[in-house]
A.B. asks: 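Pasting a structure here, questions to come.
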Amino acid sequence: MSRDAIVRIENLSYQYPRSPGLVLRDINLSIHKGEFLGIVGPTGAGKTTLCLALNGIVPQFYGGRFYGHVTVAGLDTVETPIHQLAQHVAMVFQDPETQLIANSVEDEVAFGLENIRVPRDEIRRRIEWALATVRLAGMEEKHPTELSGGEKQRLAIAAALALQPQVLVLDEPTSQLDPLGSQEVFATVRELNARLGITVILVSHASEEVAEFVDRVALLSNGELAGLNAPSQIFAQADLLPKYAIRPPQVTRFYLELRNRGFDPPSIPVTLERAVKVYDHMRTQIELKPLAVPEIATAEPPGSVLFSVRDVEHVYPDGTRALHGVSLDLREGEYVGIVGQNGAGKTTLVKHFLHLLEPTSGQVFLDGQDVTNLEVSELAQQVGFVAQNPDNQIFNTSVEAEVSFALRNLGIGPAEVAQRVEESLDTMGLVDYRTWHPLSLSKGDRARVVIAAVLAMRPDVLIFDEPTTGQDYLGARRILDVSRQLHQAGKTVIVITHHLYLMPGYAERVVVMGKGIILLDAPIREAFHDTALLEHTFLAPPQIVQFAQRIASRENRALPVLAPEELAACFAKRKGAG
Amino acid sequence: MTWRTIGSIQESPFHQLDFRSKLMLLLAATFLAFLWESPALTAGLALVVLVLCLVAGIGLSYLGRMLRLMLPFYAIVLLTHGFWNTNVGRTPLWIAPETWWLIGGSLQLTLEGLAYGLMVIFRTLTLILVIPLVIFTTDLNSLIVGLVRMRIPYKIAFIFSSTLRFVPLLLEEINSITEAQRLRGLALEKMSLLQRLRVYSRVAVPLILGAMVKSQQIEVVLASKAFSGSPDRTYLHESSLRAVDYALIILCMGIVLVALWLRMASGLGRFGLPGW
Amino acid sequence: MGEERQVRPLGGTTIDGAPIAYIIVWAAVLVVLSFVPIPVSAVLGIGGTFPMSQAAYALVGFILGPWAGALAAGIGRLIGIFIAPHTATSGIPSVVIAMVWAAAGGILVEKKSRKWVLALIVFVLSYVAFVGRALTIDVDLGLALQTTLTNLSGLILWLLPTRLLARDWIADRPPAKLAAGLALGCWTVNACGHTVGNALMYYVNAWPANIWRILIPIIPAEQLFRAVVGTVIGVGVITGLRAIGLVKPAKAGY
């Protein structure tokens with residue numbers, strides 16, 4: 001154990017009141033002054049609880065049973081009041097909305113300082129400093145609703161910084177942000193750690209970023225500390241995904257796959273730069289096989305045109321121009337991913353498909369019929385829309401009632417309703433939960449209830465709006481697997497997302513949107529390898545695509561791969577090499 | 001959500017007044033609106049409040065929208081009192097012709113009834129206009145500090161300001177909830193009244209549950225920012241009563257007392273028309 | 001396993017046992033619901049349709065208790081007035097009415113408390129002030145009684161053990177009982193609150209006797225709609241709260 005530990009956790013176990021088991025079990029962990037510690041683990045592993053144990057909210061706020069000792073800057077977290085601990089440990093949470101509680105930027109920063117009785121002049125000084133540090137200077141008077149997601153999180157960081165804490169804890173600060181916002185937040189945090197020497201503890205599902213930024217990674221699983229080491233050690237474990245449900249960085253998966261195929265990489269890298277270096281070392285041993293990946297498909301998909309969007313413009317009542325002349329054809333049986341930053345117009349576009357919005361100019365046709373001539377309730381039976389937050393789409397007190405809700409509204413007979421409900425519950429694997437209250441299910445299962453309710457209307461088209469936000473890797477995959485299953489059953493599927501790395505294996509065609517126009521509409525391989533265009537819109541292509549392009553430029557040939565396994569399959573042992 | 005955006009407010013000298021003195025104005029105007037039943041006095045009071053609103057820089061668009069929305073209510077008030085309020089006086093302005101079925105000859109529009117209706121309209125105008133006049137011209141922070149200085153518990157002042165923070169958020173939520181309901185085949189026109197009520201009321205359920213789940217996160221956020229609800233804290237913003245504030249407070253109190261005394265002593269403010 | 005530590009849970013900041021954040025979000029919910037008109041176009045009432053928030057004031061009392069409920073309702077109504085001025089015709093008095101509604105809801109479900117007696121006195125005095133003033137203007141007693149039948153029913157249901165029945169049903173598990181309790185509770189609370197409201201509103205606008213006649217069927221219809229909406233929302237919210245297992249305010253009635 002190091003002498004300059006700022007956080008010391010000894011034999012920590014914890015159980016929430018009115019809940020059955022321990023959420024944390026026997027955790028021992030010391031965090032050094034100035035360290036950047038990453039915490040990874042699947043949903044339910046106890047990451048948030050561990051964070052809250054650092055400033056005394058666990059156990060002082062929640063109660064429950066607390067075992068062991070946690071000391072922060074020499075203060076015991078059970079004996080020191082929360083408001084005193086708050087000056088040493090500042091927290092940034094996941095949801096940008098609920099953690100901003102003031103009505104202006106400067107008041108947000110001032111709030112914590114006022115609570116710990118900092119004098120007015122000092123508050124002024126600290127506001128100026130904190131806002132400058134996160135590059136929000138000049139925004140003092142703005143209302144939180146006027147900020148972008150990334151700006152909101154940076155404001156939350158500024159408010160935390162103003163307390164001049166020794167430890168900054170960030171609990172999934174980017175999971176609800178678009179790629180641009182995430183980049184802003186990661187850059188800010190990294191700078192705070194490097195330049196100001198603040199100890200940073202970051203919980204995140206973004207494996208690539210964690211691997212690149214942090215000094216050490218703590219791996220949590222079922223409330224236990226299953227690993228504590230440098231990222232190069234933690235992420236290079238071959239059983240990370242199957243055993244701990246944690247997605248390793250894509251380049252790491254590539255090298256692990258190479259090793260599986262009998263190659264012998266000198267080390268398993270976890271960052272892009274290291275991966276390129278390791279590749280250079282291996283070049284003498286390996287060579288590219290000819291034609292290992294499928295050619296880029298150029299043929300038109302077979303189905304007939306379902307949706308035809310013609311020069312659609314949309315201006316919201318407040319004057320925001322969300323779409324500027326979008327034209328698009330979507331065919332029967334396609335699986336289309338619509339990607340872009342927040343504010344690119346993705347959701348606005350698909351709302352026109354359902355007559356939830358009317359074009360300011362232009363037209364949308366469904367099977368040749370102008371959508372504006374159709375009722376929403378009519379359209380909904382043909383086009384199922386699974387909106388972002390499942391909880392805003394749950395109205396009933398049992399899963400069964402929820403799934404039959406639309407059918408009853410549509411006046412369908414009881415026998416037919418019963419049959420459709422059965423079918424829907426079966427497809428979504430919810431038969432055992434039929435009498436449960438939807439809200440007593442996990443977030444992933446609640447999403448499935450909403451999908452089941454939409455499926456019960458037997459739509460031909462399914463639209464998913466950001467279905468993976470707030471889900472861990474396996475949760476996200478589970479929902480996307482459902483979409484693929486429906487696609488294979490003949491449905492047309494449209495997925496809106498900014499998680500590009502999740503799309504390969506699902507989407508066939510990708511529409512890239514930016515600032516209300518379509519920037520690119522192409523088969524997924526082509527779209528994901530148009531890295532210049534993606535970077536122009538600050539959409540990072542998946543790490544494996546970036547890596548494949550680096551190799552491609554070295555080898556002087558195209559490598560349009562989308563997945564680590566695909567890339568690994570491109571290689572053969574060089575003849576004559578050891 | 002800021003005052004500027006709701007009320008399309010412009011900066012004015014009225015903004016310099018302390019919240020406490022403006023609150024006094026609000027209470028005084030509300031009291032007088034209740035006290036007086038005379039159309040002339042209530043009209044004068046409403047006019048004063050309206051002029052103050054304009055001076056204070058409250059946008060015409062806000063006032064216009066408000067009046068437009070109140071119009072149906074005012075029409076009902078005017079008609080009901082004009083035709084049926086026979087208690088205050090019976091000077092006929094118009095009588096339904098004898099040939100009209102049922103109401104012919106008996107239904108009449110009276111001068112006093114109309115006057116009474118107008119009085120009600122002026123009264124409600126005062127009651128409503130005075131709220132934006134006071135609230136919109138007060139910076140939210142000064143409002144909080146003002147409330148705390150008046151020994152309103154800080155917790156309550158804090159609830160007021162935080163509620164404002166979360167209203168726009170919940171407005172977005174309710175839009176997405178109603179949208180989701182429409183997408184589940186909700187076609188209100190095809191339902192009976194009670195069925196419609198039952199189905200439609202459910203939009204509130206996810207809104208409330210979602211808000212309560214959020215509130216748990218808000219609690220944790222508040223605790224981590226060292227919030228305890230105790231008024232023993234510092235304030236970034238200041239609030240102080242200047243001479244002009246004291247003057248306004250004394251003026252308001254004076255007017256209220258004089259009006260009360262006149263009403264009791266000489267009946268000033270009782271319902272009646274000029275020249276009676 | 002480490003040594004077990006002595007923990008005194010402090011919880012968060014509360015007012016009368018309700019977490020402060022609950023009060024904040026309920027106030028915000030009530031503001032938002034004042035924008036949602038109940039699609040009952042046939043109601044003459046005051047201003048045509050009525051906002052959904054009116055049906056939720058009793059509910060906020062059932063859930064947060066009397067003081068916290070009244071605070072949420074009052075702040076929600078106050079902010080509602082200047083964001084949506086058309087939903088209030090009387091300014092500050094409408095804030096008072098909202099607070100009375102919510103407080104009555106909280107008192108109805110509160111155990112071991114004598115506040116209900118105080119409330120009863122307020123209701124009866126309001127009724128006397130309201131009808132008394134009407135009698136001195138132009139309304140005869142028969143008409144006054146007919147028009148205020150709903151209000152009287154509220155006072156009687158509040159006085160009789162039906163108040164306790166509503167309280168016990170709201171606290172009970174079976175959804176049918178919960179619904180019955182909410183319906184009875186909403187009707188009682190709304191009718192009593194309406195009495196206080198009328199006393200205030202009648203001061204602002206002493207509507208003539210002919211209007212009293214028109215109101216005979218309208219008042220019970222409006223009350224019925226409010227009770228139905230309140231019950232539907234209440235069943236959804238309370239069963240949901242039980243399913244999620246959120247912290248219950250100390251004076252919650254469910």
Side-chain angles (χ1 to χ4, degrees), chain B residues 6-7 26 30 34 66 69-70 72-73 77 80-81 84-87 113 120 123-124 127-128 130-132 135-136 155-156 158-160 162-164 166-167 169-171 174 188 193-194 196-198 200-205 207-209 211-216 218-219 222-223 227-229, chain C residues 12-13 15 19-29 31-33 35-36 38-40 42 44 46-48 52 55-56 71-72 75-76 78-79 81-83 85-86 88-93 137-138 203-211 225 228-229 232-233 236-237 240-241 244 246-247:
Chain B
I6 311 169
L26 182 144
T30 302
F34 269 83
M66 181 161 146
L69 290 165
M70 297 295 288
F73 169 68
V77 168
T80 52
H81 284 288
W84 290 306
N85 192 337
T86 49
N87 181 55
V120 170
R123 205 179 230 185
T124 52
L127 291 175
I128 294 181
V130 72
I131 291 177
I135 304 276
F136 285 170
K155 283 188 205 174
I156 293 178
F158 174 74
I159 292 173
F160 183 84
S162 311
T163 300
L164 277 164
F166 291 108
V167 166
L169 216 64
L170 295 188
L171 277 178
I174 196 129
L188 292 174
L193 185 69
L194 276 184
R196 196 194 300 175
L197 274 185
R198 271 182 39 208
Y200 192 70
S201 331
R202 289 193 207 174
V203 296
V205 175
L207 179 79
I208 294 171
L209 289 174
M212 288 187 78
V213 168
K214 279 202 181 81
S215 72
Q216 297 256 291
I218 295 170
E219 293 244 17
L222 289 177
F227 174 84
S228 64
Chain C
T13 314
I15 289 180
I20 198 165
Y22 279 1
I23 305 176
I24 293 170
V25 296
W26 264 100
V29 161
V31 176
V32 171
L33 290 185
F35 286 99
V36 184
I38 295 281
V40 180
L44 213 158
I46 289 170
M52 203 182 269
L71 197 56
I75 290 178
L78 182 65
I79 294 175
I81 293 176
F82 51 81
I83 299 184
H86 55 287
T89 48
S90 70
I92 295 295
I137 298 180
D138 62 349
Y203 254 94
V204 177
N205 178 12
W207 51 88
N210 268 308
I211 299 296
F225 296 147
V228 168
V229 174
V232 172
I233 299 177
V237 168
L241 287 176
I244 311 170
L246 285 185
V247 177

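Chain letters run A, B, ... following the sequence lines, proteins first and then strands; every chain starts at 1.
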A.B. asks: Closest approach of I79(C) and T163(B), non-hydrogen atoms and distance?
C.D. replies: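 Minimum heavy-atom contact is CD1-CG2, 3.7 Å.
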A.B. asks: Mind checking the CH2-CD1 spacing from W84(B) to I211(C)? Nearest 0.5 Å is all I need.
C.D. replies: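 Reported value, rounded in 0.5 Å steps: 5.5 Å.
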A.B. asks: Please report the shortest heavy-atom distance between M52(C) and A204(B), naming the atom on each side.
C.D. replies: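 Closest approach of M52(C) to A204(B), heavy atoms only: SD-CB, 3.9 Å.
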A.B. asks: Over all heavy atoms of both residues, which pair between I75(C) and I156(B) is shortest? Give the atoms and the distance, please.
C.D. replies: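 Nearest pair, atom of I75(C) first, then I156(B): CD1-O, 4.1 Å.
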A.B. asks: For F34(B), is the CZ atom crowded, meaning more than 12 foreign heavy atoms sit under 6.0 Å from it?
C.D. replies: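 Counting neighbours around CZ of F34(B), more than 12 heavy atoms of other residues, nucleotides or ligands fall under 6.0 Å, so yes.
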A.B. asks: I'd like to know which of V228(C), I137(C), I15(C) tops the heavy-atom pair count under 4.5 Å against chain B.
C.D. replies: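 Result: the option with the highest number of such pairs is I137(C).
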A.B. asks: Say you draw a straight line from CD1 of I159(B) to CD1 of I23(C); how long is it, rounded to the nearest 0.5 Å?
C.D. replies: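 Here the rounded value is 4.0 Å.
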A.B. asks: With rounding to the nearest 0.5 angstrom, report the NZ to OH distance, K214(B) to Y22(C).
C.D. replies: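 The NZ atom of K214(B) sits 14.0 Å away from the OH atom of Y22(C).
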A.B. asks: With respect to chain C, which residue among G113(B), A223(B), S162(B), P132(B) yields the maximal number of heavy-atom pairs within a distance under 4.5 Å?
C.D. replies: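 Most pairs with chain C among the choices: S162(B).
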A.B. asks: Counting only non-hydrogen atoms closer than 4.5 Å, does I24(C) touch chain B with its backbone (N, CA, C, O), its side chain (CB onward), both, or neither?
C.D. replies: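 Both parts, backbone and side chain.
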A.B. asks: Side chain, backbone, both or neither: which part of V203(B) has a heavy atom under 4.5 Å from chain C?
C.D. replies: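 The side chain, not the backbone.
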A.B. asks: Find the distance between CG (L78(C)) and CD1 (I135(B)) and round it off to the nearest 0.5 Å.
C.D. replies: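 Between L78(C) CG and I135(B) CD1, I get 5.0 Å after rounding to 0.5 Å.
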A.B. asks: Report yes if some heavy atom in the side chain of I208(B) is under 4.5 Å from a heavy atom in the side chain of W26(C); otherwise report no.
C.D. replies: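 The answer is yes, as the side chains (C-beta and beyond) meet within the 4.5 Å cut-off.
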A.B. asks: Which heavy atom of W207(C) sits nearest to which heavy atom of H81(B), and what is that distance?
C.D. replies: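 Heavy atoms of W207(C) and H81(B) come nearest at CA-CE1, 3.8 Å.
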A.B. asks: Contact between N205(C) and T124(B) at the side-chain level, heavy atoms closer than 4.5 Å - yes or no?
C.D. replies: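 A side-chain contact is absent here, since even the closest heavy-atom pair is not under 4.5 Å.
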A.B. asks: For residues A206(C) and N85(B), report the shortest heavy-atom separation together with the two atoms involved.
C.D. replies: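 Result for this residue pair: O-ND2, 4.2 Å.
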A.B. asks: Hey, which of L241(C), V237(C), V229(C) has the most heavy atom pairs under 4.5 Å with chain B?
C.D. replies: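 Looking at each option in turn, the highest pair count goes to V237(C).
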A.B. asks: Working to the nearest 0.5 angstrom, can you tell me the gap between I174(B) CD1 and L33(C) CG?
C.D. replies: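 Going from the CD1 atom of I174(B) to the CG atom of L33(C) covers 5.5 Å.
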A.B. asks: In terms of heavy-atom proximity below 4.5 Å to chain B, should V36(C) be classed as side chain, backbone, both, or neither?
C.D. replies: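 The side chain, not the backbone.
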A.B. asks: Quick one: do L246(C) and L209(B) satisfy side-chain contact (heavy atoms from CB on, under 4.5 Å)? Show the steps, please.
C.D. replies: CA-CA 10 Å; L246(C) 285 185; L209(B) 289 174; over 6 Å; no
A.B. asks: Quick check on L222(B) against chain C: is it the side chain, the backbone, both or neither that has a heavy atom closer than 4.5 Å?
C.D. replies: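 L222(B) touches chain C through side-chain heavy atoms alone.
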A.B. asks: Side chain, backbone, both or neither: which part of R198(B) has an atom under 4.5 Å from a heavy atom of chain C?
C.D. replies: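 Both the backbone and the side chain of R198(B) come within 4.5 Å of chain C.
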A.B. asks: Once rounded to the nearest 0.5 Å, what's the spacing between atom OH of Y200(B) and atom CD1 of I233(C)?
C.D. replies: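 Going from OH on Y200(B) over to CD1 on I233(C), the span is 10.5 Å.
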A.B. asks: Listed by chain and number, what are the salt bridge (Lys or Arg N to Asp or Glu O under 4.0 Å) partners of K155(B), not counting sequence neighbours?
C.D. replies: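 Not a single residue meets the salt bridge (Lys or Arg N to Asp or Glu O under 4.0 Å) criterion with K155(B).
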A.B. asks: Which bit of T30(B) comes within less than 4.5 Å of chain C, counting heavy atoms only: side chain, backbone, both or neither?
C.D. replies: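 Side chain only.
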A.B. asks: Which pair of non-hydrogen atoms, one from L170(B) and one from V25(C), has the smallest distance, and what is that distance?
C.D. replies: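 Heavy atoms only, the tightest pair is CD1-O, 4.1 Å.
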A.B. asks: Taking side-chain hydrogen bond (donor to acceptor under 3.5 Å, both in side chains) as the test, write out the residues that go with D138(C), two or more places apart.
C.D. replies: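 Applying side-chain hydrogen bond (donor to acceptor under 3.5 Å, both in side chains) to D138(C) gives none.
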A.B. asks: Answer yes or no: is there a side-chain heavy-atom contact under 4.5 Å between V31(C) and L164(B)?
C.D. replies: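 Sidechains of L164(B) and V31(C): no contact.
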